[in-house]
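First the structure, in the form of structure tokens, and then the observations on it.
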Amino acid sequence: MTIYSIDQILPNAPSAFLPFALTDVLTAYAGSERQAFCHFWQLPDTLILGMKDTRIPHLKAALSEVEKAAFRPVIRNSGGLGVINDRGILNVSLIFPKDLAATTDAAYEEMQALLQLAFPEQQIAAYEITHSYCPGTFDLSIGGKKIAGTAQRRIKEGVAVMMYLSVNGDQHARGELVRRFYQAGLRSAFGTNGYPAVDPETMTTLSEVFGRDFTIEEVCERLKHALHVLNNEPVLPLDLDEWLTAKEQSEALAVRLTSMAQRNESLKEVTDANPL
């Protein structure tokens with residue numbers, strides 16, 4: 001099947017809620033209509049939180065660290081823990097009918113295979129990098145240092161495999177910010193109760209590993225080419241606004257956006273930060 005590519009990278013980044021709402025709309029559509037999508041997106045200077053992050057004992061103090069760094073918080077609608085987004089981070093969502101990857105592991109392996117084919121110069125491993133932020137079984141690493149984290153969301157007959165990929169920029173500073181968030185929010189309980197004791201040295205970027213500067217655009221093109229080779233199918237650009245209208249998905253997106261806004265109401269109770 002044809003794979004449609006949606007590009008929402010800086011400076012044309014979406015609102016903070018849109019990528020998460022859109023993922024749900026595309027995933028449901030992929031399952032019912034047997035369509036595949038690849039969504040590339042970025043957010044400027046954002047700490048994306050999991051629901052578990054909102055339950056840390058001293059959330060206001062933790063969010064103060066985010067604000068002091070001039071970042072904004074947003075709560076996503078999938079599992080996992082906090083991750084940084086900025087102009088050096090690329091988010092990639094592979095969205096397809098779930099029968100193409102019947103198990104959770106099989107879906108994650110699709111993302112690992114895609115990244116490996118896009119960057120054959122290095123061996124990309126999949127295992128948990130314990131002291132990274134948002135650690136998980138399918139962390140993707142090179143030489144023992146994490147370059148990407150993955151998550152997964154299944155809606156009816158569709159599946160979305162999501163990856164944040166550290167392309168360039170100061171990964172150490174990203175790790176320090178997440179570390180300060182948890183230190184302020186957990187105090188003496190830092191590193192316990194399922195929250196990572198973040199060590200910035202456990203993570204790196206593609207540019208650092210390769211010893212050359214990768215642009216976001218270059219990485220997108222590598223991934224699109226790899227997606228074409230892996231699936232032997234064309235990867236075509238999609239005009240999102242036209243698609244939403246033609247497929248009568250605008251209302252579904254509006255419902256998901258409202259859900260995201262409601263999910264983020266809890267932030268207003270502890271801070272004046274506005275995720276929009």
Side-chain angles (χ1 to χ4, degrees), residues 15-21 23-24 43-86 88-89 91 104 127-139 141 145-146 148-153 162-164 166 169-204 256-276:
S15 70
F17 297 159
L18 182 59
F20 309 101
T23 293
D24 283 1
L43 291 176
D45 295 351
T46 304
L47 176 59
I48 301 174
L49 302 172
M51 286 301 294
K52 182 177 173 67
D53 290 315
T54 67
R55 297 192 290 271
I56 60 176
H58 308 286
L59 181 58
K60 186 170 184 177
L63 291 174
S64 178
E65 293 297 322
V66 180
E67 292 178 44
K68 284 190 288 187
F71 275 62
R72 59 181 179 175
V74 62
I75 305 169
R76 66 175 175 265
N77 56 356
S78 58
L81 294 167
V83 298
I84 292 289
N85 261 230
D86 60 30
I89 301 293
N91 300 282
T104 300
Y127 61 90
E128 183 173 324
I129 304 298
T130 307
H131 295 296
S132 64
Y133 53 71
C134 196
T137 304
F138 273 86
D139 290 339
S141 61
K145 288 197 172 187
K146 182 171 173 176
T150 58
Q152 193 170 149
R153 190 162 170 81
M162 300 159 282
M163 170 178 70
Y164 70 85
S166 297
D170 191 341
Q171 185 58 44
H172 191 275
R174 295 175 187 130
E176 285 288 357
L177 175 53
V178 181
R179 180 180 175 85
R180 292 197 305 272
F181 172 84
Y182 287 123
Q183 286 176 327
L186 294 164
R187 298 182 183 175
S188 62
F190 176 70
T192 66
N193 300 320
Y195 297 98
V198 176
D199 177 3
E201 295 301 320
T202 63
M203 302 178 71
T204 188
R256 299 287 187 177
L257 285 169
T258 298
S259 177
M260 278 295 299
Q262 292 170 343
R263 182 182 298 271
N264 279 267
E265 281 294 318
S266 61
L267 292 179
K268 294 181 181 180
E269 299 174 6
V270 292
T271 179
D272 294 329
N274 182 358
L276 291 174

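Worth knowing before you read on, the calculation uses all heavy atoms, side chains too, and leaves out hydrogens, waters and symmetry mates.
Between the side chains of Asp53 and Tyr195, no donor N or O sits under 3.5 Å from an acceptor N or O. In this model, no donor atom of one side chain and acceptor atom of the other lie less than 3.5 Å apart for Gln183 and Arg180. Side-chain polar atoms of Lys145 and Thr204 form no donor-acceptor pair below 3.5 angstrom.
Rounded to the nearest 0.5 Å, atoms CG (Leu49) and CD1 (Ile56) are 8.0 Å apart. One finds the CD atom of Glu201 at 10.5 Å from the CD atom of Gln171 (value rounded to the nearest 0.5 Å). Put simply, CG on Asp86 and CZ on Phe71 are 5.0 Å apart, with the number rounded to the nearest 0.5 Å. Taken from CG in Leu59 to CG in Leu186, the straight-line distance is 10.5 Å, to the nearest 0.5 Å. Within the model, atoms CD1 of Ile48 and CG of Leu43 stand 5.0 Å from one another, a figure rounded to the nearest 0.5 Å. Interatomic distance, Leu177 CG to His172 NE2, rounded to the nearest 0.5 Å: 12.5 Å.
The two residues Ile89 and Ile84 have their closest heavy-atom pair at CG1-O, 3.8 Å. Taking every heavy atom of both residues into account, Ser132 and Lys146 meet most closely at OG-NZ, 3.2 Å. The heavy-atom pair separating Val198 from Tyr182 by the smallest distance is CG2-CD1, 4.0 Å. Nearest approach of Ile75 to Thr54, heavy atoms of both residues: CD1-CG2, 3.5 Å. For Asn77 against Arg153, the heavy-atom pair with the smallest separation is O-NH1, 2.5 Å. Summarising the geometry of Asn193 relative to Lys52, their closest heavy-atom pair is O-NZ, 2.9 Å, with the distance given to 0.1 Å.
In this structure, Thr258 and Gln262 have side chains that are in contact, with non-hydrogen atoms separated by less than 4.5 Å. Looking at Phe17 and Arg256, their side chains never come closer than 4.5 Å, going by heavy atoms from C-beta outward. In this structure the side chain of Leu63 reaches within 4.5 angstrom of the side chain of Phe181, judged on heavy atoms. Between Thr130 and Pro196, the closest side-chain pair of non-hydrogen atoms is not below 4.5 Å.
With hydrogens and angles disregarded, no donor-acceptor distance shorter than 3.5 Å links the side chain of Glu65 to the backbone of Ala184. Judged by distance alone, with hydrogens and angles left aside, the side-chain atoms of Ser64 form no donor-acceptor pair with the main-chain N or O of Ala62 at under 3.5 Å. Side chain of Asp139 to main chain of Gly136: a donor-acceptor pair is present (N/O by atom type, distance under 3.5 Å, no hydrogens or angles). Arg72 contributes no side-chain N or O that, together with a main-chain N or O of Val66, makes up a donor-acceptor pair within less than 3.5 Å.
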**OP:** List the steps, then state whether side-chain contact (heavy atoms from CB on, under 4.5 Å) holds for Met260 with Asn264.
**Re:** CA-CA 6 Å; Met260 278 295 299; Asn264 279 267; 3.8 Å; yes
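His131 NE2: 12 or fewer foreign heavy atoms inside a 6.0 Å radius.
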